[in-house]
Amino acid sequence: MVLSSGAMSDLLNNARDLRTKLHRLEVLLEIEKGGRSRSWFAGKTAEARERAAVIKRLTQTGLVETAAPPAAFRLTPEGREFLQDVRTKVGSGDALDWSRADEIDFSKL
């Protein structure tokens, strides 16, 4: 089976979109865990700048909010609800089952 250039482009765009959403989910989970310094969120490295953009998006969608020191950010009730929904549908720990992932509203990420 050979994919057309349009299909390859669509596949590549979908893969990038998935990577972006998974990165946002990863940052959301780090915020939930706590214990990260403010420099982790606002450092000068390329990774820190990327995280800052993710946090801006998560703040705009209402999943996180700024927090008093020592924490930099915390989950909102909507953020906790979102992660609970993810865990309910895919599990947690080592036994993840992504077969119900299409039921998660990833547009919030």
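Predicted model only: the values in this text are computed from it and were never measured.
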Chi angles and distances behind the side-chain contact (heavy atoms from CB on, under 4.5 Å) call for N13, D17: CA-CA 6 Å; N13 287 336; D17 185 49; over 6 Å; no

Chi angles and distances behind the side-chain contact (heavy atoms from CB on, under 4.5 Å) call for K108, L63: CA-CA 8 Å; K108 294 177 181 179; L63 297 177; 4.1 Å; yes

side-chain contact (heavy atoms from CB on, under 4.5 Å) assessment of I31 paired with I55: CA-CA 9 Å; I31 291 170; I55 291 166; 4.3 Å; yes

Derivation of the side-chain contact (heavy atoms from CB on, under 4.5 Å) call for F82 and L75: CA-CA 10 Å; F82 177 81; L75 296 181; over 6 Å; no

Salt bridge (Lys or Arg N to Asp or Glu O under 4.0 Å) between E50 and R19, worked out: CA-CA 13 Å; E50 190 175 321; R19 182 211 169 275; 3.2 Å; yes

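In this structure, R24 contributes its side chain and L109 its backbone to a donor-acceptor pair below 3.5 Å.
Other residues, nucleotides and ligands place more than 12 heavy atoms under 6.0 Å from the CD atom of Q60. Residue-environment remark: CD (E81) stays at or below the threshold of 12 foreign heavy atoms within 6.0 Å.
From L96, atom CG reaches atom NZ of K89 across 15.0 Å, with rounding to the nearest 0.5 Å.
Side chains of E47 and T45: a donor-acceptor N/O pair is absent below 3.5 angstrom, by distance only.
At a threshold of 4.5 Å between non-hydrogen side-chain atoms, the residues L28 and V64 count as touching. Between K21 and L25, every side-chain heavy-atom pair lies at or beyond the 4.5 Å cut-off. Side-chain contact check for L83 versus E32: some heavy-atom pair is nearer than 4.5 Å. Using a 4.5 Å cut-off on side-chain heavy atoms (C-beta onward), V90 and I104 make contact. Residues T59 and E65 are not in side-chain contact: their nearest non-hydrogen atoms beyond the backbone lie 4.5 Å or more apart.
Between S107 and R57, the shortest heavy-atom contact is O-NH2, 2.9 Å. Nearest heavy atom pair, residue A101 against residue F106, reads O-CE1, 3.5 Å. In terms of heavy atoms, V27 sits closest to R51 at CG2-CG, 4.0 Å.
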